[in-house]
Each structure stands twice: as structure tokens, then as C-alpha cells.
Visitor: 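My questions will all concern the structure given below.
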Amino acid sequence: MKDAFGLPQSLLVLGGTSEIALATARRLIARRTRTVWLAGRPSPALEEAAGQLRGLGADVHTVAFDALDPASHEAVLGKVFAEGDVDMVLLAFGLLGDQARDEREPEAAVRVAQTNYTGAVSAGLVCARALQSQGHGSLVVMSSVAGERARRANFIYGSSKAGLDAFAQGLGDALHGTGVHVMVVRPGFVRTRMTAGLPEAPLATTPEAVATAVELGLRRRSETVWVPGALRVVMAALRHLPRSVCRRLPV
């Protein structure tokens, strides 16, 4: 069960090799979390991540999970919830893609959309139903400020995150009053392996900063968290710019 401050004792991470997710898991283990399931494609990286978290004192299990195989989600995730209550699910898998390539190769663009949106809808609904059945828990969804406004530089990725963000907000409304809390996290540019080599955007942040914001959001029982917080104002302005102006911005 979660403590009085909303921090979980048990955590299921969808996207078990995500640097943001692992930074969040480390922070929660340092506070209270004792049991962690890392769900992702079987790989040495997944096992290494599990080993690192075990070194922090947590009981860690790995789960074979593929976002691109929705037909398997109910069975795979159902086995986790059958082991006992899960206080928090962190939905953190995603694919950035390559905008120029994805425009030329529609199949690659579809893979981005299926990973970031379709896979998340499937896994999110499976976990939401399980959390509702146990009567408590938090579903934390890693969205992105890229979903706030379609931009020429990454509109394929951004559109998939826009869909995910809208889905998570609606799911939060649907679960209101059931004991299940849905929190949408909207980071800006995060310095990770996924963004290595890309031009760094203003207000860039780190996985550790996102983890700190997630913890604070859980304590406050927030519904939306921006990382860093200043992006809320920046994106509000950008969202309302006329398209003719937005096209000329270096974004």
C-alpha cells in the first residue's frame, strides 16, 4: 500500500530500460518502494537494470513485455497483478523515431505511433482495470511537451504523444472516485540515450529531475506535472501562436 504521502511500496515499470523510469525507481526505492517489476523486451540491458535496483535493496523481477504486441498484454500484466497489489504503474516506454526517415518510410512512422500510442492504450487500460479491481493505486504516464503542439521538426512523434496525453487525461477522468489516481508527466527535452546527438532544446532537463518531479506529483496527488515547471507557461504561449508565426520559429 502507499504511505500517507502517496509513495508506493510496489512498482510496475512498463519500459524497464527507460532511463527516466529507472531514475524514478531509484528515487522511490530510496524512499519506500520495496518490490519492483521491470517490464520490457528481454535483453542484457533489462537484466542489468534489475541488478542495479537489487543492489539498492529492492526485490526486483523482470517481465517479458512488448508494447507492439497488445494481444499479449492482458496475460503478461495480469500475471504481475496476480502476485499481489501494485501501488504504482509507471508507463514509460516510447520511441522517438527519426522524423526525416519516418516521413520517407511510412512503416517506420507507424511503428512510432503503434509504440507510443496504440501500445500505451492497450497496456494502460489493462493496468487501469487491475488497479480499479484492487481499489487503489497510481498510473503515471510519461507524455511529452511535444504533444502540446505539432511542430515541423517532430510532428510524427509529437502526434503520438498528443494522442497518449489525451487518452491519459480521459482515463483519469473515467477513474475519478475509484481510488485510482492517474498522473500525466510532460517533460521537455531530457538528456538520455534517446536524445543523444540531437540539438539540445532550451530548458533541457535530466532523468533525475523528472524523477524528483514524479515524487512531488505523487505526494501532491497531482494530475499533470511539467518538467521543468516553466514549460507550462512556454507551451501555453506556443500552443496559441498562429500557425503562420509558428512555422517561422526554429522549433
Side-chain angles (χ1 to χ4, degrees), residues 8 11-16 18 20-21 24 39-40 65-78 80-81 86-97 102 108-134 136-151 154-188 190 194 210 213-214 217-218 221-227 231-232 235-236 238-239:
L11 169 68
L12 166 60
V13 177
L14 305 181
S18 159
I20 294 174
T24 302
F65 169 81
D66 186 351
L68 292 175
D69 185 16
S72 69
H73 291 175
E74 191 155 4
V76 169
L77 299 176
V80 175
F81 283 91
V86 175
D87 297 331
M88 173 179 158
V89 177
L90 177 57
L91 198 161
F93 59 81
L95 185 62
L96 181 61
D102 295 347
V110 168
R111 185 178 179 84
V112 172
Q114 289 178 331
T115 302
N116 296 352
Y117 179 69
T118 308
V121 168
S122 172
L125 288 173
V126 169
C127 290
R129 186 169 65 247
L131 292 172
Q132 188 173 3
S133 293
Q134 67 186 27
H136 71 93
S138 294
L139 173 60
V140 178
V141 178
M142 283 295 161
S143 180
S144 170
V145 297
E148 281 291 288
R149 172 115 192 210
R151 299 185 292 117
N154 70 348
F155 65 81
I156 294 174
Y157 171 80
S159 65
S160 69
K161 286 296 188 177
L164 171 63
D165 200 288
F167 164 76
Q169 290 180 64
L171 182 60
D173 291 339
L175 293 172
H176 182 72
T178 67
V180 180
H181 166 227
V182 177
M183 185 169 77
V184 179
V185 183
R186 295 173 180 162
V190 184
M194 188 170 76
V210 179
V214 168
L218 289 171
R221 206 166 174 81
S222 302
E223 294 182 318
T224 308
V225 174
W226 298 79
V227 192
L231 278 174
R232 180 172 190 168
M235 296 309 298
L238 184 61
R239 188 169 59 247

Visitor: Can you classify the ring geometry of F167 versus Y117 as parallel (below 30°), tilted (30 to 60°) or perpendicular (above 60°)?
Guide: perpendicular

Visitor: If we only count heavy atoms from C-beta on, is the L14 to C127 side-chain gap below 4.5 Å?
Guide: yes

Visitor: Taking the side chain from H181 and the backbone from S222, do they hold a donor-acceptor pair closer than 3.5 Å?
Guide: yes

Visitor: What is the minimum heavy-atom distance between A21 and G15, and which atoms define it?
Guide: CB-O, 3.9 Å

Visitor: Minimum heavy-atom separation for Q132 to L175, with atom names?
Guide: OE1-CD2, 3.5 Å

Visitor: Looking at Q134, I want to see if its CD is surrounded by more than 12 non-hydrogen atoms of other residues, nucleotides or ligands under 6.0 Å.
Guide: yes

Visitor: Can you confirm whether V141 sits close enough to L164 that some side-chain heavy atom of one is under 4.5 Å from a side-chain heavy atom of the other?
Guide: yes

Visitor: Counting C-beta onward and ignoring hydrogens, is there a side-chain heavy-atom pair between V126 and V76 closer than 4.5 Å?
Guide: no

Visitor: Could you pull out the closest heavy-atom pair between H73 and S122, with the gap in Å?
Guide: ND1-OG, 2.8 Å

Visitor: Side-chain contact, heavy-atom cut-off 4.5 Å: V214 with L218?
Guide: yes

Visitor: In terms of side-chain heavy atoms, does D173 have a donor or acceptor partner in Q169 at a distance below 3.5 Å?
Guide: no

Visitor: Have a look at E148 and tell me which of R232, R186, K161 forms a salt bridge (Lys or Arg N to Asp or Glu O under 4.0 Å) with it.
Guide: R186

Visitor: To the nearest 0.5 Å, what is the distance between CG (L91) and CE (M142)?
Guide: 9.5 Å

Visitor: Does some side-chain heavy atom of V182 sit less than 4.5 Å from a side-chain heavy atom of E223?
Guide: no

Visitor: Please evaluate residues L131 and L139 with respect to the criterion side chain to side chain contact (heavy atoms under 4.5 Å, CB included), reporting the C-alpha separation (whole Å), side-chain torsions for both, the decisive distance (0.1 Å), and the verdict.
Guide: CA-CA 8 Å; L131 292 172; L139 173 60; 4.1 Å; yes

Visitor: Is S159 reaching over with its side chain to a backbone N or O of I156, donor-acceptor style, under 3.5 angstrom?
Guide: yes

Visitor: Only one of L171, V140, D165 forms a side chain to side chain contact (heavy atoms under 4.5 Å, CB included) with V184, so which one is it?
Guide: D165

Visitor: For L95 and N116, run side chain to side chain contact (heavy atoms under 4.5 Å, CB included): C-alpha distance rounded to whole Å, both residues' side-chain angles, the deciding distance at 0.1 Å, then the answer.
Guide: CA-CA 6 Å; L95 185 62; N116 296 352; 3.9 Å; yes

Visitor: Taking all non-hydrogen atoms of both residues, which atom of P187 and which atom of S143 are closest, and how far apart?
Guide: CD-O, 3.4 Å

Visitor: Where do V227 and V225 land on the side chain to side chain contact (heavy atoms under 4.5 Å, CB included) test, with the steps shown first?
Guide: CA-CA 7 Å; V227 192; V225 174; 4.0 Å; yes

Visitor: Do V185 and S144 have side chains that approach each other closer than 4.5 Å (heavy atoms only, starting at C-beta)?
Guide: no

Visitor: For the residue pair F81 and V89, establish whether any side-chain heavy-atom pair is separated by less than 4.5 Å.
Guide: yes

Visitor: How many angstroms lie between atom CG of D66 and atom OG1 of T115, to the nearest 0.5 angstrom?
Guide: 8.0 Å

Visitor: Look at the side chain of S160 and the backbone N and O of Y157, then say whether any donor-acceptor pair between them is shorter than 3.5 Å.
Guide: yes

Visitor: What is the minimum heavy-atom distance between D102 and G97, and which atoms define it?
Guide: OD2-CA, 3.6 Å

Visitor: Are any non-hydrogen side-chain atoms of D87 and L11 less than 4.5 angstrom apart?
Guide: no

